Amino acid sequence: MFLAFASTLPSAALARAEAIGYLALAYTGKRLPLQVRHSAAGHYIGTADEDGPVSRESVEYFRSQHAADHALTTGRWQQRIHP
């Protein structure tokens with residue numbers, strides 16, 4: 001899989017500071033806001049567009065919406081580097 005706009009890609013830390021999805025930007029070229037999402041595996045930090053989910057950005061799954069919201073707000077979550 002190739003990285004979209006690899007030469008102009010921000011670091012994962014910069015994407016996180018801008019509250020956008022690093023993987024969404026790297027693999028689709030879309031600057032999408034980080035948000036709490038839900039799947040059968042649990043809550044996670046990721047991105048979505050008008051067509052649905054785009055990326056799972058967090059390594060972790062969280063047991064509740066509240067725990068995921070807290071992680072997103074405080075920055076206490078780990079960024080995935082590869083999809």
Side-chain angles (χ1 to χ4, degrees):
M1 192 172 250
F2 85 104
L3 296 178
F5 315 108
S7 62
T8 60
L9 201 66
S11 68
L14 182 59
R16 189 168 173 162
E18 293 180 19
I20 61 170
Y22 173 73
L23 294 176
L25 181 60
Y27 288 91
T28 70
K30 296 179 179 182
R31 297 179 73 83
L32 299 170
L34 293 172
Q35 55 186 251
V36 173
R37 307 286 304 159
H38 184 262
S39 72
H43 294 82
Y44 62 94
I45 297 168
T47 64
D49 63 12
E50 60 279 351
D51 295 324
V54 173
S55 63
R56 178 170 64 93
E57 301 286 333
S58 64
V59 170
E60 310 86 348
Y61 281 99
F62 302 91
R63 289 186 168 199
S64 69
Q65 173 86 30
H66 176 74
D69 284 333
H70 183 70
L72 181 57
T73 301
T74 62
R76 292 180 167 236
W77 60 279
Q78 186 177 359
Q79 172 71 54
R80 294 177 70 204
I81 301 302
H82 302 286

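Every value quoted in this text rests on a predicted model; they were computed, and no experiment measured them.
- Minimum heavy-atom separation, Y44 to E60: CB-O, 4.0 Å.
- The side chain to side chain donor-acceptor pair (under 3.5 Å) check on R37 picks up Q35, with sequence neighbours excluded.
- Among all heavy-atom pairs drawn from A12 and Q79, the shortest one is CB-CG, 4.1 Å.
- Pairing each heavy atom of I81 with each of Y22, the nearest pair is O-CE2, 4.1 Å.
- Shown here are the side chain to side chain donor-acceptor pair (under 3.5 Å) partners of S55, two or more places apart in sequence or in another chain: T47, E57.
- At distances below 3.5 Å, at least one donor-acceptor pair connects side-chain atoms of R56 with backbone N or O atoms of S58.
- Remark: T74 pairs with H70, R76 by the side chain to side chain contact (heavy atoms under 4.5 Å, CB included) rule, at least two apart or across chains.
- Remark: I45 CD1 to L34 CG distance equals 7.0 Å, nearest 0.5 Å.
- To the nearest 0.5 angstrom, R16 atom CZ is 13.5 Å from E18 atom CD.
- Residues meeting the side chain to side chain contact (heavy atoms under 4.5 Å, CB included) test with A67, sequence neighbours left out: F62, S64.
- Taking A19 as the reference, nothing meets the side chain to side chain contact (heavy atoms under 4.5 Å, CB included) condition, with sequence neighbours excluded.
- Partners of D49 according to the salt bridge (Lys or Arg N to Asp or Glu O under 4.0 Å) rule, which considers only residues two or more places apart in sequence or in another chain, are K30.
- Residue-environment remark: NE2 (H38) exceeds the threshold of 12 foreign heavy atoms within 6.0 Å.
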